[in-house]
> 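Can you read through this structure? Questions will come right after.
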Amino acid sequence: MRLVLLGPPGSGKGTQAMRLKEYLQVPHISTGDLLRAEVAAGSPLGMQAKEVMARGELVSDEILLGMLEDRFSRADTRAGFILDGYPRNLAQADALGKLLHRLGQKFDAAVQLEVPTELLVERIAGRAKAEGRADDNPESVRKRLDVYTEQTAPVIEFYRQQGELTVVDGVGELDEVFNRIVEAIAPEKAVG
């Protein structure tokens, strides 16, 4: 199963990705973690990314795609993966599709976790307080959510038009949300 998890900050993407990883027995690939690992390993793409970040710029889609191609070529992704943090824009969504096609891998679904904005603000504010982060005040959280919505709306529409989008209610207990995701992507494996 090859999945893309979509959802704004605070939607529970990371938590659900970890649970799905265990359940589906496929790796959870976070582009942020992948980027940090490549930089730490000193790989050619990692060194390119490090130079870009040192200049205070965003790592290009081309570098990220190269890292993903390398990651998808490893044996543990043969049965699939859960991709988190990518694609963030339409160009990345298109490039991901082309990469998987070139690698002969079938894309299964984009799962969008839907959570009302006010609940996201509440969740992030609670998390920020627990972690002692002053930068996650309600105003800055709303701004980040607006940017997320603006950037990912075309990605969501892209997957909708491809018939690959599944929208899941991200509100509720962890088990409830997890079961909704499983029911949506693999009804034959659903629990309960």
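Computed from a prediction, not measured in an experiment: that's the story for all the values here.
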> Is Glu176 atom CD crowded by more than 12 heavy atoms from other residues, nucleotides or ligands, each under 6.0 Å away?
yes
> If I take atom CD from residue Glu69 and atom CG from residue Leu65, how far apart are they, to the nearest 0.5 angstrom?
6.5 Å
> Are Val182 and Ile82 linked, directly or through intermediate hydrophobic residues, by side-chain heavy-atom contacts shorter than 4.5 Å (ILVMFWY only)?
yes
> For Leu100, is there any backbone N or O sitting under 3.5 Å from a side-chain donor or acceptor partner on Arg2?
no
> According to a 4.5 Å side-chain heavy-atom criterion applied to Ile, Leu, Val, Met, Phe, Trp and Tyr, with indirect links allowed, do Leu64 and Leu34 form part of one hydrophobic cluster?
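Linked, Leu64 and Leu34 end up in one cluster.
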> Please lay out, stage by stage, how Arg180 and Asp169 fare under the test side chain to side chain contact (heavy atoms under 4.5 Å, CB included).
CA-CA 8 Å; Arg180 284 183 208 131; Asp169 181 1; 3.8 Å; yes
> Group every Ile, Leu, Val, Met, Phe, Trp and Tyr by side-chain heavy-atom contacts under 4.5 Å, then state whether Leu35 and Tyr86 land in the same group.
yes
> For atom CZ of Arg88, is the number of surrounding heavy atoms from other residues, nucleotides or ligands below 6.0 Å larger than 12?
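At most 12 heavy atoms, drawn from other residues, nucleotides or ligands, come within 6.0 Å of this atom.
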> Any carboxylate oxygen within less than 4.0 angstrom of a Lys/Arg side-chain nitrogen, looking at Asp146 and Arg142?
no
> NZ/Lys21 to CG/Asp84 distance, rounded to the nearest 0.5 angstrom?
12.0 Å
> Mind checking the CZ-OG1 spacing from Arg160 to Thr166? Nearest 0.5 Å is all I need.
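It comes to 10.5 Å.
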> Drop me the distance from Leu6's CG to Tyr148's OH, to the nearest 0.5 angstrom.
5.0 Å
> Do Asp61 and Gln92 have side-chain atoms, one donor and one acceptor, less than 3.5 Å apart?
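Present: a donor and an acceptor within the cut-off.
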> What's the spacing between Ile185 CD1 and Leu24 CG if we round to 0.5 Å?
5.0 Å
> With sequence neighbours left out, what residues match Phe81 under ring-ring contact (aromatic ring centres under 6.0 Å, His included)?
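In terms of ring-ring contact (aromatic ring centres under 6.0 Å, His included), with neighbours along the sequence ignored, Phe81 is linked to Phe72.
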> Verify side chain to side chain contact (heavy atoms under 4.5 Å, CB included) between Thr15 and Val177, making sure each step is shown before the conclusion.
CA-CA 10 Å; Thr15 302; Val177 176; over 6 Å; no
> Could you see if Val168 belongs to whatever hydrophobic cluster contains Met18? Use Ile, Leu, Val, Met, Phe, Trp, Tyr and a side-chain cutoff under 4.5 Å.
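No.
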> Flag the pair Val171 / Pro116 as yes when at least one side-chain heavy-atom distance between them is below 4.5 Å, and no otherwise.
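When only atoms from C-beta onward are counted, Pro116 and Val171 do touch, with a gap below 4.5 Å.
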> Please table the atom pairs, donor to acceptor, closer than 3.5 Å between any side-chain atom in residues 41-50 and protein atoms at least two apart or in another chain.
from  : atom 1 : to    : atom 2 : distance (Å)
Ser43 : OG     : Glu38 : OE1    : 2.5
Ser43 : OG     : Gly46 : N      : 2.9

> Would you confirm whether Thr152, through its side chain, and Val155, through its main-chain N or O, come within 3.5 Å as a donor-acceptor pair?
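Not confirmed, Thr152 side chain does not pair with Val155 backbone.
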> Rounded to the nearest 0.5 Å, what separation is found between the CD atom of Gln16 and the CG atom of Leu113?
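It is 6.5 Å, given to the nearest 0.5 Å.
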> Going through the checks in order, is the side chain to side chain contact (heavy atoms under 4.5 Å, CB included) test met by Leu165 and Phe158?
CA-CA 9 Å; Leu165 180 70; Phe158 173 84; over 6 Å; no
> Going only through I, L, V, M, F, W and Y residues with side-chain contacts under 4.5 Å, is there a path from Val167 to Phe107?
yes
> Below 4.5 Å, heavy atoms only, C-beta onward: do Val4 and Pro87 meet side chain to side chain?
yes
> Do Val111 and Tyr159 have side chains that get closer than 4.5 Å, going by heavy atoms?
no
> For the pair Leu120 and Ser11, evaluate side chain to side chain contact (heavy atoms under 4.5 Å, CB included) and give the outcome as yes or no after the intermediate values.
CA-CA 6 Å; Leu120 292 169; Ser11 64; 4.1 Å; yes
> Donor-acceptor pair, distance only, cut-off 3.5 Å: does the side chain of Asp94 make one with the backbone of Leu90?
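Looks like no, no N/O pair under 3.5 Å.
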> Counting only heavy atoms not in Glu139, do more than 12 fall under 6.0 Å of its CD?
yes
> Under 6.0 Å from the CD atom of Glu150, do we count more than 12 heavy atoms belonging to anything else shown?
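Open.
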> Within the 4.5 Å heavy-atom criterion, are Arg71 and Pro27 side-chain neighbours or not?
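Contact flag for Arg71/Pro27 side chains = yes.
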> Could you check whether any side-chain N or O of Lys13 sits under 3.5 Å from a backbone N or O of Gly7, counting only pairs where one atom can act as donor and the other as acceptor?
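Here the side-chain-to-backbone pair exists.
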